[in-house]
Peer 1: 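Sharing a structure here in structure tokens format.
Hydrogens, waters and symmetry mates are skipped; everything else that's a heavy atom, side chains included, is used.
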Amino acid sequence: MDRRINHTLLKASGIVALVMIGAALICGIIELTVLGMKNSLDYLGAGKRWSADGTRYAVIGMYAEENAGISADQAETWARSVDSALLEASVTPNEGARSWAWTYGCDAVLPVSGTKATVNAETLAVSGDFFVFHQLAFKYGSGFLNDNSNPMGVVLDRDLAWRVYGAENIVGMTVTIGSEEYTIVGITDRESSSGAYKKAYGDTPRMYMSYRGYQKISGGAGNISFFEAALPNSVRGFAMNIFSGRIHVNEDSSSTIEATDRFSLKKRFDNMKELAYAWVSINKIEFPYWENEARVCDYRAAVMMLFEVAFAAVAGSSLILSFILLRASGWTLIGTLKQAWTKAADERARRKREKPPKAPKVRKKRGKEEKPAERENAPENGERPTPRKDDGETPPPSEDEFIIDKSEKEV
């Protein structure tokens, strides 16, 4: 084949390879973006926070309609049932510890009264390890540990604190809800500044209280709307099997999601195929704000998956095309290495030829270096050199002249 044609094919192969690299870089950027979204969802790390020995955990959530009729007693029964299932599977915790974490709760709108005003607040009544799953951004104080430690403790967000008291640092003060007084144990800020979080959180002031404290003013009413668990998952699918096998809810009025798996390639690919139906809702589930934020991230990840699949296809086809063009050009790695070796050898030989000769070494006589002038005037027969006349000075007499002069003086 003509050498110019080979050169053209080789050049085309390089251009196609650059396209492949660019497409692969875009896929990498998309993956990093999805990883950033995953890390922004704090509750996905509940298993890591709970694990004491680095065991892999899965975070699973069940979200139900308000009229699903799930009571707190039913949620407690689920918790005991999961305990039994883990023991049957030989998952035993250390003494005085628990092998898994769980929380449940419901939402309501309650009037909260302070010294300044009474405000209707979006309220989450929670039980169990809620603050393990959802580490709120506390500015003052902290959360209530569990229902038994302080059932009359509440946490307000900054917006609610300003509205009912006109101040932020009001930990230790009380608010009136219904006919009961509750002690403020913490003031929290918004957890994120992302658009998805702001949209899901809303502009309504929020309050968090224990479920038992909520029962005091609700007369024991309040259907559970979510149940979340962080379960050991050393084998893929183990946690989900335990959860779905012990927590039975009507599938038409509930949704169970393995949150830690929601950003896997398979899950994103499945969501991508369902993008056309993303806005279709066939149930009345009101997801809590953190799950709504995660669902927005699911949608964004599915859209980005479309681009990732497209660029991955470009990268793959470019790789194949570049290889074909490279083979057609006759280029081989061994041939290129041989040419490079030959060129390097020629260059070394050229430098050796052009290298100037070394200067002669200076000879020394009896440990004393000869002066250049003495070497130049030294006769070949070894006789004493005649000194040069310099600047009109008379040279010293020779030995013969000295003898003649002495004999004349004697006569």
Peer 1: Do V34 and M304 touch side chain to side chain, with heavy atoms closer than 4.5 Å?
Peer 2: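 Yes - at least one pair of side-chain heavy atoms lies under 4.5 Å apart.
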
Peer 1: Can a salt bridge be assigned to the pair E347 and R351 using a cut-off of 4.0 Å between side-chain N and carboxylate O?
Peer 2: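 Judged by the 4.0 Å cut-off on N to carboxylate O distance, E347 and R351 do form a salt bridge.
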
Peer 1: So, for S210 and A125, which heavy atoms are closest and what is the spacing to 0.1 Å?
Peer 2: O-CB, 4.4 Å

Peer 1: State whether the side chain of S13 and the backbone N or O of L9 hold a donor-acceptor pair below 3.5 Å, judged by distance alone.
Peer 2: no

Peer 1: So, do Y165 and I184 sit near enough that their side-chain heavy atoms are less than 4.5 Å apart?
Peer 2: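 When only atoms from C-beta onward are counted, I184 and Y165 do touch, with a gap below 4.5 Å.
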
Peer 1: Counting only heavy atoms not in H7, do more than 12 fall under 6.0 Å of its NE2?
Peer 2: no

Peer 1: How are the rings of Y104 and Y211 set to each other: parallel, tilted or perpendicular (split at 30° and 60°)?
Peer 2: perpendicular

Peer 1: Within a 6.0 Å radius of atom CD on Q74, are there more than 12 heavy atoms belonging to other residues, nucleotides or ligands?
Peer 2: yes

Peer 1: Could you work out, with side chain to side chain contact (heavy atoms under 4.5 Å, CB included) as the rule, every residue matching E291, not counting sequence neighbours?
Peer 2: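 Checked E291 against side chain to side chain contact (heavy atoms under 4.5 Å, CB included); matches are Y43, Y63, I257, R262, F287, P288, A294, R295.
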
Peer 1: Hey, does the side chain of S317 reach the backbone of A313 with a donor-acceptor pair shorter than 3.5 angstrom?
Peer 2: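 Yes; at least one donor-acceptor contact below 3.5 Å.
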
Peer 1: Can you tell me which residue pairs pass the ring pair (Phe, Tyr, Trp, His ring centres under 6.0 Å) test with a partner in residues 293-315, sequence neighbours excluded?
Peer 2: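 Non-adjacent pairs meeting ring pair (Phe, Tyr, Trp, His ring centres under 6.0 Å): W279-Y299.
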
Peer 1: Would you call K267 and E258 a salt bridge, taking side-chain N to carboxylate O under 4.0 Å as the test?
Peer 2: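 No salt bridge links K267 with E258.
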
Peer 1: When you measure from the side chain of S40 to the backbone N and O of M37, does any donor-acceptor pair fall under 3.5 Å?
Peer 2: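 Yes, the answer is positive, given that a donor and an acceptor are paired below the 3.5 Å cut-off.
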
Peer 1: Specify the closest pair of heavy atoms between A259 and L44, including all atoms of both residues, with the distance to one decimal.
Peer 2: CB-CD2, 3.3 Å

Peer 1: Backbone N or O of A46 within a donor-acceptor pair of the Y57 side chain at under 3.5 Å?
Peer 2: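 The answer is no, because no donor-acceptor pair under 3.5 Å joins these two groups.
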
Peer 1: What pairs of residues pass the salt bridge (Lys or Arg N to Asp or Glu O under 4.0 Å) test when at least one of them lies in residues 164-175, not counting sequence neighbours?
Peer 2: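 As it turns out, the salt bridge (Lys or Arg N to Asp or Glu O under 4.0 Å) pairs with a partner in residues 164-175, which skip direct neighbours, are R158-E168.
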
Peer 1: When rounded to the nearest 0.5 angstrom, what distance separates CG in D298 from CG in N292?
Peer 2: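 Atom-to-atom, D298:CG and N292:CG are 11.0 Å apart.
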
Peer 1: Could you check whether the rings of Y201 and Y197 sit parallel, tilted or perpendicular, using 30° and 60° as the cut-offs?
Peer 2: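 Taking Y197 first and then Y201, their aromatic rings lie parallel (interplane angle under 30°).
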
Peer 1: Using side-chain heavy atoms (C-beta onward) and a distance below 4.5 Å, is I187 in contact with V171?
Peer 2: yes

Peer 1: Please check: side-chain N/O of E65 versus main-chain N/O of S253, any donor-acceptor pairing under 3.5 Å?
Peer 2: no

Peer 1: Any salt bridge linking K266 with D270? Criterion: basic side-chain nitrogen under 4.0 Å from a carboxylate oxygen.
Peer 2: yes

Peer 1: Could you walk me through whether F226 and D107 pass the side-chain contact (heavy atoms from CB on, under 4.5 Å) check?
Peer 2: CA-CA 9 Å; F226 68 89; D107 56 353; over 6 Å; no

Peer 1: In terms of the angle between their ring planes, are F243 and F227 parallel, tilted or perpendicular, with boundaries placed at 30° and 60°?
Peer 2: tilted

Peer 1: Would you list the pairs meeting side chain to side chain donor-acceptor pair (under 3.5 Å) in which at least one residue belongs to residues 135-145, sequence neighbours left out?
Peer 2: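 Pairs touching residues 135-145 that pass the test: none.
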
Peer 1: Could you go through Y208 and F144, starting from their C-alpha distance and side-chain angles, then the distance that decides it, and tell me whether this counts as ring pair (Phe, Tyr, Trp, His ring centres under 6.0 Å)?
Peer 2: CA-CA 9 Å; Y208 306 84; F144 37 88; 8.2 Å; no

Peer 1: Applying side-chain hydrogen bond (donor to acceptor under 3.5 Å, both in side chains), can you list everything that pairs with T256, at least two apart in sequence or on another chain?
Peer 2: none

Peer 1: Do the non-hydrogen side-chain atoms of V82 and W102 ever get within less than 4.5 Å of each other?
Peer 2: no

Peer 1: For T174 and T183, test the side chains for any donor-to-acceptor distance below 3.5 angstrom and give the result as yes or no.
Peer 2: no

Peer 1: Identify, with sequence neighbours excluded, every residue that meets ring-ring contact (aromatic ring centres under 6.0 Å, His included) alongside Y182.
Peer 2: none

Peer 1: For the atom pair OG (S99) and CH2 (W50), what is the distance rounded to the nearest 0.5 Å?
Peer 2: 9.0 Å

Peer 1: Please check if atom CZ in R236 has more than 12 non-hydrogen atoms from other residues, nucleotides or ligands closer than 6.0 Å.
Peer 2: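 Counting other residues, nucleotides and ligands, CZ of R236 stays at 12 neighbours or fewer.
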
Peer 1: Less than 4.5 Å apart, side chain to side chain, heavy atoms only: is that true for T115 and M173?
Peer 2: no

Peer 1: Would you mind checking if R49 and D42 are paired as a salt bridge, meaning a charged N to carboxylate O distance below 4.0 Å?
Peer 2: yes

Peer 1: Are there over 12 heavy-atom neighbours, none belonging to R190, within less than 6.0 Å of that residue's CZ?
Peer 2: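 Enclosed.
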
Peer 1: For D203, does the CG atom have more than 12 heavy-atom neighbours from other residues, nucleotides or ligands under 6.0 Å away?
Peer 2: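 No, the 6.0 Å shell around CG holds no more than 12 heavy atoms from other groups.
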
Peer 1: Considering only heavy atoms from C-beta outward, does the side chain of D157 approach that of P205 to under 4.5 Å?
Peer 2: yes

Peer 1: With a 4.5 Å limit on heavy-atom distance, are the side chains of D129 and E228 in contact?
Peer 2: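 Answer no - side chains too far apart.
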
Peer 1: Could you check whether any side-chain N or O of S322 sits under 3.5 Å from a backbone N or O of S318, counting only pairs where one atom can act as donor and the other as acceptor?
Peer 2: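 Answer holds: no.
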
Peer 1: Are T204 and V109 packed together at the side-chain level, in the sense that at least one heavy-atom pair is separated by less than 4.5 angstrom?
Peer 2: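 A side-chain contact is absent here, since even the closest heavy-atom pair is not under 4.5 Å.
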
Peer 1: Which heavy-atom pair separates F238 from N233 by the least distance, and what is that distance?
Peer 2: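 The answer is N-OD1, 3.2 Å.
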
Peer 1: Treating S244 as the side-chain partner and M240 as the backbone partner, does any N or O pair qualify as donor plus acceptor under 3.5 Å?
Peer 2: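 Side chain of S244 to backbone of M240, a donor-acceptor pair under 3.5 Å: yes, one is there.
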
Peer 1: Give, for atom CZ of R98 and atom CG of L86, the distance between the pair rounded to the nearest 0.5 Å.
Peer 2: 11.5 Å

Peer 1: Which heavy atom in V119 sits nearest to a heavy atom in R163, and how many Å separate them?
Peer 2: CG2-CB, 3.6 Å

Peer 1: Could you tell me whether a side-chain N or O of S225 sits under 3.5 Å from a main-chain N or O of A64, the two making a donor and an acceptor?
Peer 2: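 Such a contact is absent between S225 side chain and A64 backbone.
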
Peer 1: Should E308 and C27 be marked as a side-chain contact (heavy atoms from CB on, under 4.5 Å) after you check the CA-CA gap, both sets of side-chain angles, and the distance that decides it?
Peer 2: CA-CA 5 Å; E308 188 171 357; C27 291; 4.2 Å; yes

Peer 1: Is it true that a side-chain atom of R268 and a backbone atom of F263 form a donor plus acceptor pair closer than 3.5 Å?
Peer 2: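 Indeed, once roles are kept as given, a pair shorter than 3.5 Å links the two residues.
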
Peer 1: CG of N241 to CG of L231: how many Å apart, nearest 0.5 Å?
Peer 2: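 Between N241 CG and L231 CG, I get 11.0 Å after rounding to 0.5 Å.
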
Peer 1: Atom OG of S71 and atom CG of N223: how far apart are they, to the nearest 0.5 Å?
Peer 2: 8.0 Å

Peer 1: Give, for atom CG of D261 and atom CD1 of I60, the distance between the pair rounded to the nearest 0.5 Å.
Peer 2: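 Answer rounded to 0.5 Å: 9.5 Å.
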
Peer 1: Do side-chain atoms of T55 reach the backbone of S51 as a donor and acceptor pair under 3.5 angstrom?
Peer 2: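 Answer holds: no.
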
